[in-house]
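Just below is one structure, and these are the notes that go with it.
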Amino acid sequence: MARAAAATVLAFTILTLLLPANSFSTRLDKREMGISTKREKLSHLHFYFHDIVSGRNPTAVRVAGAATTNSSATGFGMVVMIDDPLTAGPNVSSRIVGRAQGLYGSADMTEFGLLMALNFVFLEGKFNGSTLSVLGRNAALSAVREMPIVGGSGVFRFARGYAQARTHFINMKTGDAIVEYNVYVLHY
């Protein structure tokens, strides 16, 4: 029994020494992923983001806040979970092209600056079922904000680019907002 255990330990030790140190990763050929023959494309997407915080069916809900959030001039520490409609036009009744799903939080103590961590989930046309991921700062009171596109799925695998946001409308009483997005993304 002890010999069998010793033999197992010896075999495991030899096998471990023979494997490369980075055995958790493998270098791939682009052809295996189906991207070596494809040309990278630049796509422009234009849509409106409806952040609805009021009413009976809000699409943006505050889920967290610090003890000092309500007394902060910038709402520092507030976290909001969203499932906002993305539409072809500025009216909420316009054709829905996708959803913005994720969260944003107030991450600046001196001016109104949000950390955006969300996915644009597309629901129609050639992008149906594909996503783009946004992770970055949104200086929400600036006329134009630029946030990075850090990846995607489906049609947008290996995506990179940026999103420009412009406030189209904001109701200062309710907090509801419509934001125009122009997204420029490189993908295969």
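The shortest non-hydrogen separation linking Ser94 to Ala88 is CB-N, 4.3 Å. Here the shortest heavy-atom pairing between Ser153 and Gly129 reads OG-O, 4.5 Å. Closest approach of Val97 and Glu124 over heavy atoms only: CG1-OE2, 3.7 Å.
To the nearest 0.5 angstrom, Ile178 atom CD1 is 7.5 Å from Thr87 atom OG1. Taken to the nearest 0.5 Å, the CD1 atom of Ile52 stands 9.0 Å off from the CG atom of Asn57. To the nearest 0.5 Å, atom CZ of residue Phe122 and atom CZ of residue Phe120 are 6.5 Å apart. Residue Glu180 holds its CD atom at 13.5 Å from CZ of Phe49, rounded to the nearest 0.5 Å. Within the model, atoms CZ of Arg137 and CE of Met116 stand 12.0 Å from one another, a figure rounded to the nearest 0.5 Å. The distance from the OG1 atom of Thr131 to the CG atom of Leu118 is 11.0 Å, given to the nearest 0.5 Å.
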Would you tabulate the side-chain donor-acceptor contacts of residues 163-170 under 3.5 Å, counting partners in other chains and residues two or more places apart, or write 'none'?
unit_1 : atom_1 : unit_2 : atom_2 : d
Thr167 : OG1    : Arg145 : NH1    : 3.2
Thr167 : OG1    : Arg145 : NH2    : 3.1

List the atom pairs, with distances to 0.1 Å, where a side-chain N or O of residues 73-85 and a protein N or O form a donor-acceptor pair under 3.5 Å, not counting sequence neighbours.
unit_1 : atom_1 : unit_2 : atom_2 : d
Thr74  : OG1    : Ser72  : OG     : 3.2
Thr74  : OG1    : Phe76  : N      : 3.4
Thr74  : OG1    : Asp108 : O      : 2.7
Asp83  : OD1    : Arg99  : NE     : 3.0
Asp83  : OD1    : Gln101 : NE2    : 3.1
Asp84  : OD1    : Thr59  : OG1    : 2.6

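Other residues sharing the hydrophobic cluster of Leu115, ordered by chain and number and joined by side-chain separations under 4.5 Å: Leu135, Val150.
Arg62 CZ: more than 12 foreign heavy atoms inside a 6.0 Å radius.
Linking ILVMFWY side-chain heavy atoms closer than 4.5 Å, directly or via other members, places Phe47 and Val179 in a single hydrophobic cluster. Follow the hydrophobic side-chain contacts under 4.5 Å out from Met147 and you never reach Val121; the two are in separate clusters.
The side-chain heavy atoms of Phe127 and Leu132, taken from C-beta on, include no pair separated by under 4.5 Å. Using a 4.5 Å heavy-atom cutoff, the side chains of Glu111 and Leu141 are not in contact. The shortest side-chain heavy-atom distance between Phe156 and Ile149 does not fall under the 4.5 Å cut-off. With contacts defined as side-chain heavy-atom distances shorter than 4.5 Å, the pair Leu45/Val185 qualifies. Residues Glu146 and Tyr184 fail the side-chain proximity criterion, which asks for heavy atoms closer than 4.5 Å.
Taking the six-membered ring where tryptophan is involved, the planes of His46 and His44 are tilted, since the angle between them lies from 30° to 60°.
The closest donor-acceptor contact from the side chain of Asp176 to the backbone of Val53 lies under 3.5 Å.
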Subject >> Steps toward side chain to side chain contact (heavy atoms under 4.5 Å, CB included) verdict (Tyr104, Asp51) >> reply: CA-CA 11 Å; Tyr104 59 80; Asp51 199 45; 2.6 Å; yes

